[in-house]
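From a predicted model like this one, the values you see are computed outputs, not experimental measurements. The first residue in the sequence is number 1, and the count goes up from there.
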Amino acid sequence: MKGFDSVITFCYTEDIEAVHSFYHGVLGLPLALDQGGCRIYRVAAGGFLGFCSGRDRRVADDVTITLVTEDVDAWFDTAVKAGCQVIKPPAETPEYRIYNCFLKDPAGYTLEIQRFEDPRWQKD
């Protein structure tokens with residue numbers, strides 16, 4: 001049996017233009033596919049994040065979008081300058097051996113930006 005080629009996580013938003021301005025314009029994620037009511041952004045080689053218009057399907061309070069990077073502080077500063085609400089500024093989380101922060105994105109989703117400090121993390 002052949003394995004999977006990629007992964008897409010879909011989220012819903014009331015304002016797809018604000019989401020596009022943030023994820024594409026501010027964070028620089030390439031737009032992989034614009035389907036009109038849904039837009040899919042490339043986060044990593046086989047990892048995608050999709051946002052679709054849909055007032056009745058929003059589950060922002062139950063979802064955390066985690067972006068993994070070595071440069072947590074710089075991305076935190078960029079997101080704050082773009083207007084993201086700070087939930088938790090960058091700090092060590094010893095329990096999980098990570099350095100991370102939490103913000104609210106334009107669609108109301110919790111956005112975590114983190115770096116793994118655990119040498120067991122297999123990023124490739």
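- Residues forming a side-chain hydrogen bond (donor to acceptor under 3.5 Å, both in side chains) with D77 (at least two apart in sequence, or on another chain): none.
- In this structure, Q122 CD and F116 CZ are separated by 11.0 Å, a value rounded to the nearest 0.5 Å.
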Should C52 and C11 be marked as a disulfide bond (SG atoms under 2.5 Å apart) after you check the CA-CA gap, both sets of side-chain angles, and the distance that decides it? CA-CA 6 Å; C52 298; C11 300; over 6 Å; no

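- Atoms OG1 and OH, from T93 and Y99 in turn, are 10.0 Å apart once rounded to the nearest 0.5 Å.
- Taken together through direct or relayed side-chain contacts under 4.5 Å among Ile, Leu, Val, Met, Phe, Trp and Tyr, I40 and V43 form parts of separate hydrophobic clusters.
- Enclosure of atom OH in Y96 is not indicated, since only 12 or fewer non-hydrogen atoms of other residues, nucleotides or ligands lie within 6.0 angstrom.
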Side chain to side chain contact (heavy atoms under 4.5 Å, CB included) for Y109 and F51? Distances and angles first, verdict last. CA-CA 11 Å; Y109 289 92; F51 284 92; 4.0 Å; yes

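- Side-chain heavy atoms closer than 4.5 Å link hydrophobic residues (I, L, V, M, F, W, Y) into clusters, and following such links, possibly through other members, connects V19 to V80.
- L31 is connected to L27 through a chain of hydrophobic side-chain contacts under 4.5 Å among Ile, Leu, Val, Met, Phe, Trp and Tyr, so both are in one cluster.
- Residues I16 and G36 approach most closely at CD1-O, 4.2 Å, considering heavy atoms.
- For residues 28-50, the set of pairs meeting the side chain to side chain donor-acceptor pair (under 3.5 Å) definition, not counting sequence neighbours, comprises E17-R39, H20-Y41.
- Exactly one residue among F102, Y23, W75 makes a side chain to side chain contact (heavy atoms under 4.5 Å, CB included) with L111. That residue is Y23.
- Taking CG from L33 and SG from C38, the interatomic distance works out to 9.0 Å, rounded to the nearest 0.5 Å.
- Under the 4.5 Å side-chain heavy-atom criterion for ILVMFWY residues, a single connected hydrophobic cluster contains both V26 and V72.
- The shortest heavy-atom contact between I8 and G50 is CG2-N, 4.1 Å.
- Using a 4.5 Å heavy-atom threshold, the side chains of R97 and P119 count as touching.
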Could you walk me through whether R115 and I98 satisfy the side chain to side chain contact (heavy atoms under 4.5 Å, CB included) test, starting with their C-alpha distance in whole Å, then the side-chain angles of each, then the deciding distance to 0.1 Å, before giving a yes or no? CA-CA 6 Å; R115 177 179 67 233; I98 60 173; over 6 Å; no

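- The CD1 atom of I113 sits 5.5 Å away from atom CG of L103, with the distance rounded to the nearest 0.5 Å.
- How far CG of D105 is from CD of E112: 13.5 Å, rounded to the nearest 0.5 Å.
- Nearest heavy atoms, F76 versus C101: CD1-SG, 3.6 Å.
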